[in-house]
Amino acid sequence: MAEETITAPDQSRRKVRTGKVTSNKADKTIVVSIERQVAHPLYRKYFKRTTTVMAHDEKNECNIGDVVKVIESRPLSARKRWALVEIIERAL
């Protein structure tokens, strides 16, 4: 996505998440796995929950295994509601 839309005044209300790219097979689309830790309601033991989201990658620059930052955006397709902000770490 263009840099101008990321610095919009309503940016503080948009969710920003960090995750790992699991697929880049589609054109201008990546699948990102976002991992978070959740406490069990009764036993208070922490365990991992994974959420997968589809994000818009305008320049097709992401590869599988990259750690990326995505931001919430308007619906771009039936399942794509996130946009790539930056690539934090490249896969080896």
Report task. Identify whether the distance between the nearest side-chain nitrogen and carboxylate oxygen of Asp66 and Arg90 falls below 4.0 Å. Result -> yes
Query raised in the report: So, do Leu84 and Glu61 sit near enough that their side-chain heavy atoms are less than 4.5 Å apart?
Result: yes
**Report entry** Distance-minimising heavy-atom pair for Ser77 and Lys80
**Finding:** OG-CB, 3.1 Å
Query raised in the report: Considering all heavy atoms of both residues, which atom of Glu72 and which atom of Trp82 are nearest to each other, and what is their separation?
Result: N-CE3, 3.4 Å
Query raised in the report: Does the pair Glu35/Arg49 count as a salt bridge with the N-to-O cut at 4.0 Å?
Result: no
Query - Hydrophobic cluster identity match, Ile34 and Val68, side-chain contacts under 4.5 Å - result: yes
**Report entry** Non-hydrogen atoms of Asn24 and Cys62 that approach each other most closely
**Finding:** ND2-O, 3.0 Å
Query raised in the report: Using links of under 4.5 Å between side-chain heavy atoms of ILVMFWY residues, direct or through other members, which residues join Val67 in one cluster?
Result: Ile88
Query raised in the report: Within a reach of under 6.0 Å around CZ of Phe47, are more than 12 heavy atoms found that belong to other residues, nucleotides or ligands?
Result: yes
Requested in this report: Please tell me if the side chains of Asp27 and Asn60 come closer than 4.5 Å, counting only heavy atoms from C-beta onward.
Outcome: yes
Report summary line: By side-chain contact (heavy atoms from CB on, under 4.5 Å), Arg79 pairs with (sequence neighbours left out) Met54
Report task. Can you measure from OG1 (Thr18) to CZ (Arg36) and round to the nearest 0.5 angstrom? Result -> 14.5 Å
Query raised in the report: Are any non-hydrogen side-chain atoms of Ile87 and Glu89 less than 4.5 angstrom apart?
Result: no
Query raised in the report: Between Val53 and Arg81, is any pair of side-chain heavy atoms under 4.5 Å apart?
Result: no
Query raised in the report: For Ala91 and Gly65, which heavy atoms make the closest approach, and how far apart are they?
Result: CB-C, 3.6 Å
Query raised in the report: Which heavy atom in Val70 sits nearest to a heavy atom in Ala55, and how many Å separate them?
Result: CG1-CB, 3.8 Å
Report task. Would you confirm whether Asp57, through its side chain, and Ile30, through its main-chain N or O, come within 3.5 Å as a donor-acceptor pair? Result -> no
Report task. Starting from the C-alpha separation in whole Å, work towards a yes-or-no answer on side-chain contact (heavy atoms from CB on, under 4.5 Å) for Lys28 and Glu58. Result -> CA-CA 5 Å; Lys28 296 188 179 182; Glu58 183 64 37; 3.1 Å; yes
